[in-house]
S.K.: 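For reference, the structure I am asking about is given below.
The chains referred to below are lettered A, B, ... by the order of the sequence lines, with proteins before strands, and numbering in each begins at 1.
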There are 2 protein chains.
Amino acid sequence: MSNDNIQQLVNRYVDVSFSVTKKAEALITEQLGSNLTHDQLYIIRYINRVGSCTSTALAEEFEVKKSAITAIINRLWEKGFIQRTRDEKDRRVVYLTLTEKGEELFWKIDKRIQQLVEGIISQFEPSEIEQFIKTFEKLNHALIEQRDKK
Amino acid sequence: MSNDNIQQLVNRYVDVSFSVTKKAEALITEQLGSNLTHDQLYIIRYINRVGSCTSTALAEEFEVKKSAITAIINRLWEKGFIQRTRDEKDRRVVYLTLTEKGEELFWKIDKRIQQLVEGIISQFEPSEIEQFIKTFEKLNHALIEQRDKK
DNA sequence: TTTAACTATTCAACAATTTAACTATAAGGA
DNA sequence: TCCTTATAGTTAAATTGTTGAATAGTTAAA
């Protein structure tokens with residue numbers, strides 16, 4: 001493939017990826033009110049999915065330092081969305097879980113997102129969506145290999 | 001499509017999109033050294049492409065307030081990567097362009113990104129890439145319609 | 001000419017991030 | 001057991017990006 005072609009593909013990809021992320025987040029912001037930032041929502045979404053996790057796990061998952069997680073968790077804790085529970089066996093470990101208030105907020109937002117997606121997803125064939133996500137996941141693996149290569 | 005299916009697709013999409021962006025930016029960070037942040041690179045990349053633009057145009061393109069652009073441009077200006085030129089016809093307007101130093105930096109980074117992408121893109125059929133980006137662009141348009149709907 | 005609109009900047013406040021230092025706890029070897 | 005090392009999490013300072021409100025300077029319109 002020529003350099004120009006690669007250049008063009010990179011440009012198209014970066015543009016559309018940037019734009020889609022921005023627009024999706026903007027749509028979600030309307031649903032959020034001013035309760036949460038995007039990063040806070042991503043964290044809550046993750047904790048909801050796994051049920052309970054540690055700061056270290058979050059830091060690895062989101063590829064940031066643990067101190068960045070502490071800061072976000074502190075803000076969510078102040079708002080009453082997250083609980084900290086110390087492990088009795090290994091008292092260094094702190095388990096993070098959603099409070100009832102946190103779960104309620106998440107489900108409320110998630111339902112709205114679901115409705116949003118319904119209106120958009122109907123414009124795509126299921127096979128197109130499946131192929132799209134598959135290629136995306138393949139790209140993800142390629143990036144992981146590239147990273148671990150050396 | 002059932003709610004569970006939508007839920008699953010949203011999860012897969014959010015996860016893979018988040019992960020790909022993070023990993024691509026991590027790979028690029030190695031090329032960047034500590035010269036630029038990602039946002040600064042995106043801005044420089046845009047100005048390089050259009051040649052010259054205003055703060056207002058950047059704010060619209062990146063969907064942030066103009067004061068956020070001023071802050072980023074100030075930092076790039078301090079580093080000597082960007083020039084400000086006042087329009088003589090309409091003296092409210094300031095045109096932003098890359099300095100020679102800014103252009104050199106961009107081409108250097110861009111070349112490295114090109115090489116990175118070459119190593120990854122070879123694992124995909126051209127038709128698969130084309131279809132992937134097309135679906136992505138279609139998603140972008142669907143989001144724009146959704147936003148403008150009401 | 002006065003008023004309204006527009007372009008860009010400044011400032012204060014906040015969120016996210018990194019780096020480095022620190023506390024507390026656990027695990028392992030002499 | 002005691003000393004060392006490793007691990008989990010937090011704190012603090014500095015940087016970056018962001019919004020919202022106020023402002024200065026300029027242009028357009030009533």
S.K.: What I want to find out is whether Arg49(B) reaches Asp15(A) closely enough, with some N-O distance under 4.0 Å, to be called a salt bridge.
M.R.: yes
S.K.: Hey, does Arg84(B) reach any base, or is it just sugar-phosphate, or nothing, if we go heavy atoms under 4.0 Å?
M.R.: sugar-phosphate
S.K.: Check Lys89(A) with Asp87(A), please: is the shortest side-chain N to carboxylate O separation under 4.0 Å?
M.R.: no
S.K.: Starting at the 5' end of DNA chain D and moving along, which residue's nearest nucleotide shows up first, Lys22(A) or Ile73(A)?
M.R.: Ile73(A)
S.K.: At under 4.0 Å, does any side-chain N or O of Asn74(A) touch on OP1 or OP2 of dG9(D)?
M.R.: no
S.K.: Between Arg91(A) and dA8(D), is there a side-chain N or O to OP1/OP2 distance below 4.0 Å?
M.R.: no
S.K.: Quick test of your reading of the model: are Glu88(B) and Arg91(B) salt-bridged, counting only N-O distances below 4.0 Å?
M.R.: yes
S.K.: Which whole-number value in Å describes the distance from Glu25(B) CD to dT18(C) C1'?
M.R.: 16 Å
S.K.: Would you say a side-chain N or O of Arg86(A) is under 4.0 Å from OP1 or OP2 of dA8(D)?
M.R.: no
S.K.: May I ask you to check whether Phe136(B) and Phe132(B) place their ring centers less than 6.0 Å from one another?
M.R.: yes
S.K.: Can you measure His38(B) atom NE2 to dT18(D) atom P for me and round it to whole angstrom units?
M.R.: 13 Å
S.K.: To the nearest Å, how far apart are Lys65(A) NZ and dA12(D) C1'?
M.R.: 17 Å
S.K.: Reading DNA chain C from 5' onward, which residue's closest nucleotide shows up sooner: Leu96(B) or Ile72(A)?
M.R.: Leu96(B)
S.K.: Report the distance from atom CG of Leu58(B) to atom P of dG17(D), rounded to the nearest whole Å.
M.R.: 13 Å
S.K.: Centroid-to-centroid, Tyr42(B) to Phe62(B), below 6.0 Å?
M.R.: no
S.K.: Which one is paired to dA24(C), where only Watson-Crick or G-U wobble pairs with both distances under 3.5 angstrom count?
M.R.: dT7(D)
S.K.: Does Arg92(A) contact dT7(D) through a side-chain donor or acceptor facing the base, at a distance under 3.5 Å?
M.R.: yes
S.K.: Picking from dT18(C), dT7(C), dG9(D), which would you name as closest to the side chain of Val93(B)?
M.R.: dT7(C)
S.K.: Indicate, yes or no, whether a donor-acceptor pair under 3.5 Å links the base of dG9(D) to the side chain of Ser67(A).
M.R.: no
S.K.: If you only use heavy atoms from C-beta on, which nucleotide in dT27(D), dG9(D), dT11(D) is closest to the side chain of Thr54(A)?
M.R.: dG9(D)
S.K.: Looking at every strand, decide which applies to Lys66(A) at a 4.0 Å heavy-atom threshold: base, sugar-phosphate, or nothing.
M.R.: base
S.K.: Paired with dT19(C) by Watson-Crick or G-U wobble geometry, both distances under 3.5 Å: which nucleotide is it?
M.R.: dA12(D)
S.K.: Expressed in angstrom and rounded to an integer, what is the separation of Glu78(B) atom CD from dT9(C) atom P?
M.R.: 13 Å
S.K.: On DNA chain C, check which nucleotide each of Lys79(A) and Lys89(A) is closest to and give me the residue with the more 5' one.
M.R.: Lys79(A)
S.K.: Does Lys23(A) come within less than 4.0 Å of Glu63(B), counting only side-chain N to carboxylate O?
M.R.: yes
S.K.: How is Ile69(B) classified with respect to the nucleic acid when contacts are heavy atoms under 4.0 Å: base, sugar-phosphate, or nothing?
M.R.: nothing
S.K.: Under 4.0 angstrom, heavy atoms only, what part of the nucleic acid is Thr70(A) near: base, sugar-phosphate, or nothing?
M.R.: base
S.K.: Looking at dT15(D), does its base get a donor-acceptor pair with the side chain of Thr37(B) below 3.5 Å?
M.R.: no
